[in-house]
Each structure stands twice: as C-alpha cells, then as structure tokens.
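In what follows, a structure is listed as structure tokens, so that the remarks can point back to it.
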Amino acid sequence: MTDIALQTRGLGVKYGNFHALSEVDLQIRRNSVHSIIGPNGAGKTTLFHALTGRVRPSSGRIELDGRDITDTSDDDRVRLGIARSFQVTSLFPNLTLRENLRLAAQGRTPWQALAPWRRAEANAEALDIADGVIDRLALGKVTGRLAGELSHGQQRRLEVGMAMAARPRVILLDEPTSGMGIDDIEVMKDLIRDLGHDHTVLFIEHNMSIVMNISDVVTVMRLGRKLVEGPPAQVRDDPEVQRAYLGNMITGDIA
Amino acid sequence: MNPLDKPFAQLALVLVTVLALPLFLKSGILATEILIFAMVVAACNLLLGYTGLLSFGQGIFFGIGTYVAGIFLTRWSVPVPLVLAGAAILGAATATLVGWLSIRRQGVYFVMLTLAFSQLFYFMAYTFSGVTGGDNGLLGVPRPAIGGNALDGPWSYYTYVAVCFVVIFALLVMVTQSTFGRTLLAIRENEGRAAAIGFPTKLFKIEAFAISGAVTALGGALHAMLIGVAPLSNIEYHTSELILIMTIIGGSSSLFGSVLGAGFYLLLADALSTIWPRWLLLLGLVLVAVALFLQGGLWGLVVRGYDLIFRRDRAPNTSAEEH
C-alpha cells in the first residue's frame with residue numbers, strides 16, 4: 001500500500017474542441033483532507049466527473065491505490081471505493097430519507113438487488129449503515145420524511161450522507177456548503193473534518209474559511225490547469241493565487 | 001403510504017375482483033378478457049410506473065405469446081403448461097433484446113425505438129405467413145383440458161385464467177416489493193444518482209423489460225386460447241397502444257390500478273359499442289378527461305376517496321413536526 005490514495009497523471013478532458021482540463025497531476029494522500037479551489041470554469045467539477053467515471057478523460061491516467069482505473073466504469077468505481085456528492089443536490093425526492101441512504105448503501109453490492117424475490121429488509125447491513133449515517137448527520141428526527149420535503153440544509157447533509165453510505169475510501173464532495181445558511185455551514189465544516197479521520201476527502205469549496213481551516217492540502221485550479229498546490233497558509237499568500245482571484249475572494253482567516 | 005398500497009391489501013383486492021366478476025357479469029368471455037388484460041397491463045405498469053419507461057413494444061410480447069400458443073397447440077398438441085412456460089420464456093427473451101437495444105436512448109428516442117420494433121415485429125408476422133397464418137391468423141386454438149375435459153365453458157376457462165392471474169399478480173407484487181423493485185423506483189426518480197451510487201441501471205431496466213415481456217406473452221397465450229384464434233391483430237401496434245391506454249387510465253402508482261384500468265376500459269367499450277358504433281370517439285373523450293383531471297388515474301381517485309372517508313384527520317398535518 002502506498003501513501004497515495006488517488007492520483008492522476010497528465011489528466012485531460014475535452015468537450016468537443018474545448019479543453020476543460022489539461023495535464024492535471026494530482027496526488028491525494030490517504031486520510032487527508034484535500035481541497036480544490038479556483039474561479040468558476042476552472043474545471044473543478046469536470047475533474048470530479050473524470051475521477052468518478054462520469055466523463056471519459058481524453059488523455060492521462062487515474063490511479064486508485066496504485067491501480068489504473070482510467071477505463072473503469074462509474075458504477076465499478078463505487079465498488080472500488082470512490083463515492084461522491086453533487087454540487088446541485090441530486091436525491092430521490094419521492095423516497096424517504098432512510099430509503100435514500102439504504103439505496104446508497106446497497107449500491108456497493110448491486111448484484112444482490114437484481115434478485116426480484118429478495119426483500120430489501122433482508123439486507124440488514126445496508127439498513128445498519130443507513131442508520132449509522134443518519135446518526136452521524138444528526139437527521140434522526142426526519143428519517144421517514146420524503147427527501148424532497150427536507151429543508152435545504154438537511155438535503156445538503158443527506159447529499160453528503162449518500163456518499164458516506166457507500167463506505168468509500170475516497171470521498172469526493174462537490175461544494176458541500178452551496179446555498180447553506182451560516183449555522184448549517186458550521187455543522188458541515190465539522191462533518192468534513194470528522195470524515196477526514198477515516199476517509200480520504202477531496203472537496204471543492206468556495207467558502208475560504210472552511211478551506212483554510214480544515215484542509216491539509218489546497219490545490220488551486222484555473223482554466224483547466226493546476227495553478228498552485230500546498231498547505232493552506234502557503235497557498236493563501238501565493239502572489240499567483242492572489243492574481244487569479246483578483247485579490248478579493250480569499251477572505252477567510254485561519255482561526 | 002396509503003394502506004391500500006400495501007402488498008396484502010393489493011392481493012386482497014385482486015381476490016375480491018376475481019370472485020366478484022362472475023357475480024356481476026353475464027359474459028364469461030368478457031370477464032376472462034378482463035383478467036388477461038389486467039395481467040398484461042400490470043406488466044406494462046412495471047415498466048411505466050415503476051421504472052419510468054413508456055414502452056410501445058408491449059404488443060410485440062403479447063403477439064409472441066399468442067403465436068406460441070397458436071403454433072404449438074394447433075400443430076403439435078404440446079401440453080398447455082409447457083406452452084405457457086414457453087410463451088413466457090420467449091416473451092422474456094424478446095423483451096430482453098428489444099429492451100437492450102431501446103434503453104440505449106432516452107426519452108423520445110426510447111419511445112421511438114420501441115415503436116419501431118413494434119412495427120418491425122408486426123411486418124415480420126405479416127410476412128412469414130407460413131408460420132403465423134398472416135392475415136388469417138392461426139385458427140382452431142384449443143382450450144386447455146383438466147382431467148380429460150376441455151375447459152370449453154366460458155366460466156370453467158375463467159377459473160383457469162383466474163388461478164393464473166392471481167399467481168402472476170402475487171409474483172408481480174413480490175417483484176415490486178423486493179430490493180429489485182425498490183431500485184427500479186430509484187432509477188425512475190433519478191437515474192444519474194442511481195448510477196452514481198453504484199447501480200448498473202441498464203441491467204435493471206433490461207430485467208424489468210424481461211419480466212414484463214414474460215408476463216405479457218403469457219397473457220397473449222391465454223388470450224389465444226380464449227378466442228380460439230391466434231390473430232395478426234394481437235401483434236399489431238394497436239395492441240401496444242391499447243395496453244398503454246389501460247395502464248394510464250388505471251393509474252401507474254399501484255399494480256391494482258392496472259386491474260381497474262383494464263376492467264374499466266373493457267367494460268366501457270362493451271357498454272358503449274352496443275349503444276353506438278362510433279364508440280371509440282366517446283372513449284377518446286374519456287381519455288381526454290383522465291389526462292386533464294385525473295392524473296393519478298382511477299387508482300388516484302380510489303386513494304383520494306379512501307383518504308377522504310377514513311383518514312380525514314391525518315391527511316393535512318403530515319409535515320408539521322420539526323423543521
């Protein structure tokens with residue numbers, strides 16, 4: 001086992017003639033919290049799409065624990081230990097919160113679910129995992145509520161929970177705090193920090209106070225390329241980063 | 001969840017239906033036809049209601065079951081249970097092929113593909129008249145026999161079909177309640193997310209097609225034995241349309257809705273056609289009314305009525321606790 005959980009070499013993604021991502025070399029250390037920042041259109045979400053297998057890279061390779069997964073399909077990657085949450089909340093709105101998490105836990109062993117005679121409740125492990133995630137997210141009071149009827153903050157937490165329920169080794173969170181109120185943001189910050197103890201966390205975030213406080217490593221992207229990478233303090237003071245952000249977006253202080 | 005949607009409530013409703021039809025209907029043929037279509041429509045509901053797939057290909061599987069019964073019963077006198085099993089297997093195989101090719105596209109293009117397959121199979125049946133009898137169909141399809149006596153009376157064959165229907169319906173309820181059925185709901189709700197959490201969604205859709213095709217073909221075989229003919233019209237595009245219309249009228253949120261849809265359509269058609277030869281026009285108006293005012297179908301109406309009578313106090317405050 002190497003110390004690197006996930007790495008890319010020369011990763012590039014093209015949409016038609018547009019290079020959304022070019023020559024990205026990333027190394028994500030095991031059980032670290034690694035954040036990706038950058039202005040809109042920097043290729044952050046495209047990078048996530050490539051890492052999870054939703055889009056096919058046009059060049060380069062992706063390795064999970066030293067194993068080449070560049071050509072592995074998205075659902076196979078879940079079984080290998082990569083799970084993600086989405087920037088735009090993407091749940092099963094007409095199913096209950098608990099059913100959403102049960103499905104996410106079942107997704108790790110989907111072949112079982114192909115048997116039309118097997119009862120969903122027969123998979124006690126998936127139910128336990130769902131309940132464990134519910135506890136960790138403090139959503140115990142609304143387990144029977146339809147996901148579409150939850151408040152925005154609850155939906156964002158469930159969105160992260162969906163990734164957790166797959167028991168991934170590497171968890172990718174795409175702007176977990178987007179649209180959240182101040183109170184909810186604090187809860188999410190603690191949750192991400194906590195996830196870093198037993199997962200490798202890679203997350204995209206615009207809220208600099210979160211990024212600067214809980215990241216071990218920050219990667220700054222711009223125009224589909226890696227601009228700077230390093231510990232939070234170093235990245236914050238980097239002149240190139242200041243220029244990329246026109247000096248006004250990095251406002252959060254290190255507490 | 002409404003108590004009427006629970007599996008045992010659905011099964012109870014089906015048993016009541018099977019026992020009540022002979023009490024209220026004079027024609028055993030009509031009653032049998034209702035059960036056959038109820039089965040076929042429930043299979044269509046598995047695709048439309050549970051998986052979110054609007055398939056115009058159901059007539060293909062129905063027609064295939066019809067021809068399996070026609071060919072094996074008139075030419076080789078194969079025992080009926082074997083013929084039914086054969087129809088289900090061939091129906092499942094065809095549905096797997098059609099499903100496998102059609103689900104490569106989504107939305108309108110998926111619907112167009114199933115429609116194209118529907119036409120393709122119709123013209124194949126029309127062209128290979130040596131096998132299918134072409135325009136004339138296959139005549140003289142016999143009824144099954146129990147203990148040496150053919151079930152020639154309308155109500156004796158009704159009993160045979162009723163047993164098949166209850167078993168198939170129970171199996172379909174089991175499928176929808178299983179972890180497979182619940183994954184189908186997830187795929188209907190949000191296919192992208194279902195794939196992102198690890199489900200090979202295409203495989204699930206193909207399996208839904210296969211199950212739907214098997215049941216539909218079984219219904220087609222029973223239908224051929226009912227009318228004594230394996231007609232070309234059973235594989236026509238019109239049959240696909242009929243099955244879809246019944247599914248939508250009945251409501252796609254519950255399997256028993258399909259029984260209501262099939263019963264309502266066939267009874268209405270029977271009543272209207274004796275009044276006016278242009279009865280299809282009136283049926284068109286009924287469809288317009290359902291599409292405009294009754295989007296949950298007949299089942300939606302039943303559930304609303306039930307809530308109104310038994311759960312008046314519980315309905316409004318479902319979302320009042322904790323924010």
Side-chain angles (χ1 to χ4, degrees), chain A residues 52-54 73-80 82-86 89-96 99-123 126 139-142 144-151 153-154 159 162-163 165-166 168, chain B residues 1 5 7 43 46-47 49-52 92 96 168 170-215 252-253 255 296 317-323:
Chain A
T52 54
R54 182 169 264 215
S73 71
D74 51 355
D75 54 294
D76 279 336
R77 288 188 204 190
V78 174
R79 283 183 286 286
L80 292 175
I82 297 183
R84 74 173 294 183
S85 76
F86 289 86
T89 308
S90 173
L91 303 166
F92 304 117
N94 289 311
L95 306 180
T96 65
E99 176 71 357
N100 269 268
L101 291 170
R102 186 197 66 79
L103 283 159
Q106 179 75 63
R108 196 64 197 268
T109 50
W111 314 114
Q112 270 185 358
L114 280 170
W117 55 86
R118 251 186 93 102
R119 282 169 48 79
E121 282 73 19
N123 188 349
L139 289 171
K141 283 182 183 159
V142 288
R145 190 83 62 83
L146 299 183
E149 292 174 357
L150 298 171
S151 72
Q154 289 169 338
E159 179 65 43
M162 296 290 277
Chain B
M1 188 165 82
D5 282 322
L46 185 70
L47 289 179
Y50 286 82
T51 325
T96 302
I168 293 291
L171 287 174
L172 283 176
V173 168
M174 184 192 77
V175 169
T176 56
Q177 296 297 314
S178 70
T179 172
F180 170 73
R182 282 162 67 169
T183 309
L184 290 185
L185 286 179
I187 292 171
R188 181 200 68 187
E189 285 276 296
N190 186 344
E191 187 175 352
R193 187 70 199 225
I197 59 178
F199 290 106
T201 55
K202 280 188 179 152
L203 215 54
F204 281 81
K205 287 181 177 178
I206 292 171
E207 185 173 325
F209 251 102
I211 294 172
S212 182
V215 172
S252 54
S253 67
L255 284 180
N317 58 5
T318 42
S319 53
E321 355 96 69
E322 214 256 343
H323 172 65

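A note on names: the letters A, B, ... follow the listed sequences, proteins ahead of strands, and every chain is numbered from 1.
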Checklist entry - Between B:Thr183 and A:Ala113, which heavy-atom pair has the shortest distance, and what is it? => result OG1-CB, 3.8 Å
Item to check | A:Phe92/B:Arg188 under side-chain contact (heavy atoms from CB on, under 4.5 Å): CA gap, chis, key distance, verdict | outcome: CA-CA 9 Å; A:Phe92 304 117; B:Arg188 181 200 68 187; over 6 Å; no
Next on the checklist: Report which part of A:Arg54 has an atom under 4.5 Å of a heavy atom belonging to chain B: side chain, backbone, both, or neither.
Outcome noted: side chain
Checklist outcome for this item: Okay, A:Glu99 and chain B: the region with an atom under 4.5 Å from a heavy atom over there is side chain
Checklist entry - Can you name the ring pair (Phe, Tyr, Trp, His ring centres under 6.0 Å) partners of B:Phe204, sequence neighbours left out? => result B:Phe180, B:Phe199
Next on the checklist: For a quick check under 3.5 Å, do B:Thr179 and A:Asn123 share a side-chain donor-acceptor pair by atom type?
Outcome noted: no
Item to check | For the student: nearest non-hydrogen atoms of A:Arg84 and B:Arg193, plus distance | outcome: O-NH2, 3.4 Å
Item to check | Heavy-atom pair of closest approach, residues A:Leu103 and B:Ala186 | outcome: CD1-CB, 3.5 Å
Checklist outcome for this item: Turns out that what part of A:Ser90 lies under 4.5 Å from chain B's heavy atoms comes down to both
Item to check | Distance, nearest 0.5 Å, that separates CE of B:Met174 from CZ of A:Arg119 | outcome: 11.5 Å
Checklist entry - OG/B:Ser253 to CG/A:Asn94 distance, rounded to the nearest 0.5 angstrom? => result 11.0 Å
Checklist entry - Checking heavy atoms, do the side chain of B:Ile211, its backbone, both or neither come under 4.5 Å from chain A? => result side chain
Checklist outcome for this item: Highest number of heavy-atom pairs under 4.5 Å with chain B among A:Ser73, A:Pro93, A:Ala166 belongs to A:Pro93
Checklist entry - Are any of the side-chain heavy atoms of B:Val175 and A:Trp117 separated by less than 4.5 Å? => result no
Checklist entry - Between CG of A:Leu95 and CD of B:Glu189, what distance do you get to the nearest 0.5 Å? => result 4.5 Å
Next on the checklist: Please identify, among A:Thr109, A:Leu146, A:Leu91, the residue contributing the most non-hydrogen atom pairs under 4.5 Å to chain B.
Outcome noted: A:Leu91
Checklist entry - Where do B:Ile197 and A:Val78 land on the side-chain contact (heavy atoms from CB on, under 4.5 Å) test, with the steps shown first? => result CA-CA 7 Å; B:Ile197 59 178; A:Val78 174; 5.8 Å; no
Item to check | Minimum heavy-atom distance between A:Pro110 and B:Gly198, given as atom pair plus value | outcome: CG-O, 3.5 Å
Checklist entry - Contact part of A:Arg108 toward chain B, heavy-atom cut-off under 4.5 Å: side chain, backbone, both or neither? => result backbone
Checklist entry - Of the backbone (N, CA, C, O) and the side chain (C-beta and beyond), which part of A:Ala115 lies under 4.5 Å from a heavy atom of chain B, both, or neither? => result backbone
Item to check | Minimum side-chain heavy-atom gap B:Gln177-A:Glu121 below 4.5 Å | outcome: no
Item to check | Min side-chain heavy-atom separation B:Arg182-A:Arg102 under 4.5 Å | outcome: yes
